[in-house]
Amino acid sequence: MSSSNILAGLNPQQLEAVTLPHESALILAGAGSGKTRVLTTRIAWLIQTGQISPHSLLAVTFTNKAAREMLIRISSMLPINTRGMWVGTFHGLCNRMLRAHHRDAGLPQTFQILDTQDQLALIKRLLKSLGVDDEKYPPRDLQYFISGKKEAGQRASAVEAYDEHSKRLLELYAEYDRQCNREGVVDFAELLLRCVELLSRNEILRSHYVRRFSYVLVDEFQDTNRLQYHWLKLLAGDRNAVLAVGDDDQSIYAFRGASTQNMFDFEREFARGRVIKLEQNYRSHGTILDAANALISHNDRRLGKELWTHAGAGEPLRVYDAPSDADEASYILQEVKSLRSEGMPLSGIALLYRSNAQSRVLEHALFNAGLAYRVYGGLRFFERQEIKHALAYLRLVANPEDDGAFLRVANLPARGIGARSLEQLQDIAREQGSSLWQAACANPPAGKAGQGVTAFIRLIEGLRQDCLGLSLPEMVELVIDRSGLKAYYQADRDGQDRIENLNELVNAAAGFDAGDTALIAAEDAAAAGEQDQNVPAGDPQLILLNSFLAHAALEAGEYQAADGAQALQLMTVHSAKGLEFDAVFISGLEEGLFPHENSLNQADGVEEERRLMYVALTRARRRLYLSHAQTRMLHGQTRYNIASRFLEEIPEPLIRRVNTRKASSWFDGHAGTAVKTVTAYAAPPPSSPWRVGQDVVHPKFGAGVIVSVQGRGLDARVMVNFRQAGMKELALEYAKLTAA
DNA sequence: ATTAGTGGTGTTTTT
DNA sequence: CACCACTAAT
């Protein structure tokens, strides 16, 4: 195997980046310029030429998908085992470091990770127990505040407060951290902050890692926040070569603390002028790039970069001006069908939108047409309530001090532990400064509730005992079974899906490639010179369980059931970053939606939205559709939007307006659809399809007959006499009424 | 203690 | 419409 193999086909700039000497540099990599290829080839080249061993590099990405992709590509180029390599997301790698050095980091070995939901729940609980007025201090705001401070690297004690309000916020922040410590849980930002503090404080550890990672590579550098930048600096020390790859024009996470300032700082502090621009695009036709370049040129404060391609100009962008969101959807549907009949695979077509709520109309149209589609984002596997419940039991097995888990399942299924007794327990716990678990063990409430609590404690202790010696999937199965969760959902009329998901969780556990996480953790610790038996003789099983729980928190998404082979791809623009498709539809290009209204009063908000649009445009290889609707149903009411400014920022010659199609009916033959479509229109339809005496069917109430109709258009109501359920008054706008 | 039903409220993007 | 918090009824 010769190195020319790997390097073949790289353009001069890519080659330069791949074969850089041992020094830091910034790679400004435009969309579709072979960024990932450069990154992985560089790693392969460094290893193949014997400059480093696979273990002495650190590669950080932003998403799990990107990390996985990188490992796959590396192992396809080199015959090496990627096991144990430090390639992963910021959060994943920090988690790994904290597991290896949990003692130095001041964390229990079994510390659990709170996802955003869990964090919010904890905050609500905290505010309640402190008697804080949550009108004045909305939990969401506090959550945002805490995360923001942590991502800026600041503890509550390190921040100065000048007014009463922020003083109180800081107190609550401090109280929140105390509670997390008591429970042995960390939120996302805490993973980073803890790790940064650990490395800052512990010089021995820091120099170990600095010596180990002589090369550090960072993907999607424009998405890093200050804390992540700080972490990188600590690991870079003053001798390591850091290669940062990013594109300031694709920075779309400023709302979460990401700052392109990091790119400027990096250039000054690390790269010192060594900047390589990758501007040749291998993805899209010329017209698409022209449009993207023109659009993004409306932004100030760019590092400067322009995409070009050897590929031909290709087709113009198609712009469709729809009367309504439903019509927009049906136009898209029609075009998708025609693309498919031309032989384009469905999986190569993407429907993009700004916010998740917009997928509904599209899904509706696709579903009725019987077209296979797959929605990314939205409700993720590990975020489903039944999965959360099962995980809560598992968390209690791993760490009974986890109050969040305790509260979630203490009375699910019902054990006679009501809100009342839980409150009492919380009071006791607060007085004693203990966990709910301890409070419950020490003072089980009297009476019937006491029996429930005792039963719950016995259940968890029993599970703990019996999990020893079981494999991970066996543990999961045992917990689901014995906790009563399974029976609970079996008894539920429509709990069938939930049971299936629980079974899927067992499969996930079986397929969880923990294989060797326990071993790796031990190796990490040993390599860093942890002499004491930090990884205790005790329970490799517990460690395994912990890795699985961490995996569930850190990789909640991307674990959707069956990647459907031939399906249309629906997703937000955010989740489309990094992907490419033959044809892309960008829908909902309306003021207020895209750019989003909330962005308008934020500093640089519109610029971020424009970058988002830039990302969307550059996903397309060959064909690009842009559409907007004059009226749209949003949050239950009709809105009238004008076309997005972004449409005007694309030069007219690159566009073809395609509003020529026949005025197709809104009634797609489906009565249920008709109601929805009609209400989406500004003007009420000529006559309502509903009349007195008509036989109808309701999904919940069954068959019935309309006895009266009130009002018309948007807020029409009908009185229906159902055979089973009797008389009901229904709002046509929402009720899924079907003509019988 | 538990559940069903009501009404108010809010909704960008996600590791 | 979906989610929450609260209330009334069992």
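Throughout, protein chains are lettered first and strands after them, A, B, ... in sequence-line order, and every chain is numbered starting at 1.
- In this structure, a donor-acceptor pair under 3.5 Å is present between the side chains of A:N262 and A:T224.
- With sequence neighbours left out, the salt bridge (Lys or Arg N to Asp or Glu O under 4.0 Å) criterion links A:R645 to A:E591.
- Put simply, OH on A:Y488 is 11 Å from C1' on B:dT2, counting in whole angstrom units.
- Legend: residues meeting salt bridge (Lys or Arg N to Asp or Glu O under 4.0 Å) with A:E649, ordered by chain and number and at least two apart, are A:R610.
- The separation between A:L127 atom CG and C:dA5 atom C1' is 15 Å, rounded to whole Å.
- Considering only residues two or more places apart in sequence or on other chains, A:T61 meets the side-chain contact (heavy atoms from CB on, under 4.5 Å) condition with A:A66, A:A67, A:M70, A:T89, A:D219.
- Here A:F221 and A:F266 bring their ring centres to under 6.0 angstrom of each other.
- Under the salt bridge (Lys or Arg N to Asp or Glu O under 4.0 Å) criterion, A:D118 pairs with A:K388, A:R395, not counting sequence neighbours.
- Rounded to an integer number of Å, the gap from A:E423 CD to C:dA5 P is 13 Å.
- Spacing of C1' atoms, B:dT13 relative to C:dC4, comes out at 23 Å, to the nearest Å.
- The aromatic ring centroids of A:Y253 and A:H574 lie less than 6.0 Å from each other.
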Got a list of protein N/O to nucleotides 6-10 of chain C N/O distances below 3.5 Å?
none

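- As rounded to whole Å, 14 Å separates atom P of B:dG10 from atom CG of A:L120.
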What nitrogen or oxygen pairs link the protein and nucleotides 11-13 of chain B at under 3.5 Å?
| unit_1 | atom_1 | unit_2 | atom_2 | d |
| --- | --- | --- | --- | --- |
| B:dT11 | N3 | A:H635 | ND1 | 3.0 |
| B:dT12 | O2 | A:R354 | NH1 | 2.8 |
| B:dT12 | O2 | A:R354 | NH2 | 2.3 |
| B:dT12 | O4 | A:Q602 | NE2 | 3.0 |
| B:dT13 | OP1 | A:N356 | N | 2.9 |
| B:dT13 | OP1 | A:N356 | ND2 | 3.2 |
| B:dT13 | O2 | A:R354 | NH2 | 2.7 |
| B:dT13 | O2 | A:H574 | NE2 | 3.4 |

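- Within 4.0 Å of A:N411, counting heavy atoms only, lie sugar-phosphate atoms of the nucleic acid but no base atom.
- To the nearest angstrom, P of B:dT15 lies 19 Å from NZ of A:K150.
- Across B:dT2, C:dC4, B:dA1, the shortest atom-to-atom separation from the side chain of A:S421 is found for B:dA1.
- Between A:E590 and A:R639 no salt bridge is recorded (no basic side-chain N to carboxylate O distance below 4.0 Å).
- Here A:R415 does not reach the OP1 or OP2 of B:dT2: none of its side-chain N or O atoms lies under 4.0 Å away.
- For the pair A:E555 CD and B:dT15 P, the computed distance is 10 Å after rounding to whole Å.
- Remark: A:R99 qualifies as a cation-pi partner of A:F111 under the 6.0 Å distance and 45° angle criteria applied to the six-membered ring.
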